[in-house]
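To start, the structure itself, in structure tokens.
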Amino acid sequence: METIKILSIETSCDETAAAVVENGRRVLSNVIYSQIPIHQKFGGVVPEVASRNHVEKISQVVDQALEESQTKFEDLDGIAVTYGPGLVGALLVGVSYAKALSYALKKPLIPVNHIEGHICANFIEYPDLEPPFVALVVSGGHTHLVHVKDYGQYDILGKTRDDAVGEAFDKVARSLGLGYPGGPLIDKLAQEGQEDAIDFPRVYLEKDSLDFSFSGIKSAVLNYLNQEKQKGRTIVDQHVAASFQKSVVEVLANKALKACQMMGTKKLVLAGGVAANSGLRRELAGKDLELYYPSLSLCTDNAAMIGCAAYYDYQNAAFGGLDLNAVSSLKLGEKKFTIVK
Ligand code: KG4
Ligand code: ZN
């Protein structure tokens with residue numbers, strides 16, 4: 001088999017990342033510079049600050065990815081980059097850098113969808129995993145149930161109608177006075193609380209719907225906190241975290257199971273930052289499913305997953321031109337660039 005080496009770049013949010021991936025599933029390097037400590041003092045990602053930090057770090061991160069993988073520019077077969085969805089200014093840093101490299105090195109430019117990257121993180125973790133399967137994509141910006149029919153072929157079965165699940169975790173964390181990002185902090189706190197202490201709502205929407213809604217549960221937590229404060233009662237943060245998490249993961253798990261039943265598969269793949277949640281993993285482990293999820297470092301944003309997704313696009317020669325632009329609201333399965341041959 002011919003060896004295909006791809007340099008991939010990811011700057012869609014608050015991680016400046018670059019990786020070198022061979023044949024889609026062999027990660028030779030995976031460098032992540034996280035801006036989380038910078039944004040922590042603002043309680044969330046500040047887009048302008050993110051863009052500036054990507055500009056400052058990108059060369060260093062790319063050089064390190066090449067060095068750690070002992071790869072020279074001339075050994076590369078392509079340059080992959082996340083072009084959406086994400087923060088437009090942040091995405092543009094990676095896109096511009098990748099375009100410059102592609103032009104200077106005369107190597108194909110491979111535009112990658114960030115959500116597709118999250119799903120592909122599982123191909124790295126499980127070298128034998130093949131479509132078809134159902135993917136539950138749960139991140140700071142997305143909550144989707146997807147039927148992955150084949151490599152690069154997606155049917156969206158359901159999605160959130162309001163907040164993404166990671167956003168709900170982050171907002172509830174903020175209302176409890178925890179730091180940013182809130183998901184891992186809620187997860188940790190929940191381990192010390194009782195998940196049946198407070199009866200927060202489970203929102204299932206219409207019968208058989210695979211869509212989600214998380215704005216109600218977020219408001220329910222805020223109302224609970226306000227009411228308890230007004231009544232002068234002590235709030236047990238651990239119970240709030242555990243009960244909130246339980247109500248969210250129960251809905252996610254039940255809908256994911258239903259999606260698998262509807263598609264006639266037992267294979268469920270988790271993707272995105274919230275796939276790191278221990279409550280969600282536990283809830284799903286109790287279901288009659290064949291469960292796949294990436295290790296923690298491949299759940300959150302990284303460039304190796306982008307290099308994996310790019311490999312399948314490389315094989316279809318889905319290359320972008322120098323007119324490639326960032327598309328902040330790019331949908332899964334959508335290609336918003338001119339394909340050059
Ligand atoms: O996939 P990701 O790194 O970035 C996006 O593409 O959005 O996801 C980040 C989200 C944040 O909302 C963060 O709070 C959440 O993933 N997250 C978690 C956990 N780890 C990260 N949520 C719940 N439990 C966790 N252990
Ligand atoms: Zn992400």
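Counting starts at 1 for both ligands and their atoms, in listed order.
Here the angle at the Zn ion (ligand 2) defined by NE2 in His114 and OD1 in Asp301 stands at 100°, rounded to 10 degrees.
For atom 19 (C) of ligand 1, the choice among Gly273, Gly44, Gly182 with the nearest heavy atom turns out to be Gly273. In this structure, of Asn302, Val274, Ile115, the residue bringing a heavy atom nearest to atom 15 (C) of ligand 1 is Val274. Which of Leu296, Val165, Asn277 comes nearest to atom 24 (N) of ligand 1 through a heavy atom is settled by distance: it is Asn277. Around atom 7 (O) of ligand 1, the closest heavy atom drawn from Ala164, Gly279, Gly140, Ala173 belongs to Gly140.
Shown here is Asp288, whose CG atom has no more than 12 heavy atoms of other residues, nucleotides or ligands within 6.0 Å. Applying the 6.0 Å contact sphere to OH of Tyr103 captures no more than 12 heavy atoms from other residues, nucleotides or ligands.
The nearest heavy-atom contact from the protein to atom 2 (P) of ligand 1 is Asp301 OD1, 3.5 Å. With respect to atom 18 (C) of ligand 1, the closest heavy atom belonging to the protein is Gly183 CA, 3.5 Å. Distance from atom 11 (C) of ligand 1 to its nearest protein heavy atom, with residue and atom name: Asp170 OD2, 3.6 Å. The protein heavy-atom contact nearest to atom 26 (N) of ligand 1 is Asp187 OD2, 2.9 Å.
Less than 4.0 angstrom separates some heavy atom of Gly166 from each of these atoms of ligand 1: 12 (O). In summary, the atoms of ligand 1 found under 4.0 Å from a heavy atom of Gly141, numbered by their order in the structure, are 7 (O). Heavy-atom contacts of Thr300 reach the following atoms of ligand 1: 3 (O) (cutoff under 4.0 Å).
The residues Glu290 and Lys267 are annotated as not salt-bridged, no charged nitrogen and carboxylate oxygen being separated by less than 4.0 angstrom. Using a 4.0 Å cut-off between charged side-chain N and carboxylate O, Lys218 and Glu167 make no salt bridge. In this structure, Glu206 pairs ionically with Arg161, as a charged nitrogen and a carboxylate oxygen lie closer than 4.0 Å.
Atom CG of Asp211 and atom CD1 of Ile156 lie 10.5 Å apart (nearest 0.5 Å).
Residues Lys335 and Leu330 form no side-chain contact, since every pair of their non-hydrogen atoms from C-beta on lies 4.5 Å or further apart.
In this structure, His114 is part of the shell of residues with a heavy atom less than 4.0 angstrom from ligand 1. Residue contact check for ligand 1: Pro184 places a non-hydrogen atom closer than 4.0 Å to it. Residue-ligand proximity: His118 is placed with a non-hydrogen atom under 4.0 Å from ligand 1.
Proximity of the aromatic rings of Tyr151 and Phe123 is defined here by a centroid distance below 6.0 angstrom, and this criterion is met. In summary, the aromatic rings of Phe244 and Phe200 are positioned with their centroids too far apart to meet the 6.0 Å limit.
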CA sep, side-chain torsions, deciding dist, call: Glu125, Ser295, side chain to side chain contact (heavy atoms under 4.5 Å, CB included): CA-CA 7 Å; Glu125 195 73 44; Ser295 52; 2.9 Å; yes
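Here the rule is side chain to side chain donor-acceptor pair (under 3.5 Å) with Tyr154, and of His144, Glu116, Lys331, Glu334 only Glu116 fits it.
Among the backbone and side-chain atoms of His142, none of the N, O or S atoms lies under 2.8 Å from the Zn ion (ligand 2). Taking backbone and side chain together, His118 holds an N, O or S atom under 2.8 Å from the Zn ion (ligand 2).
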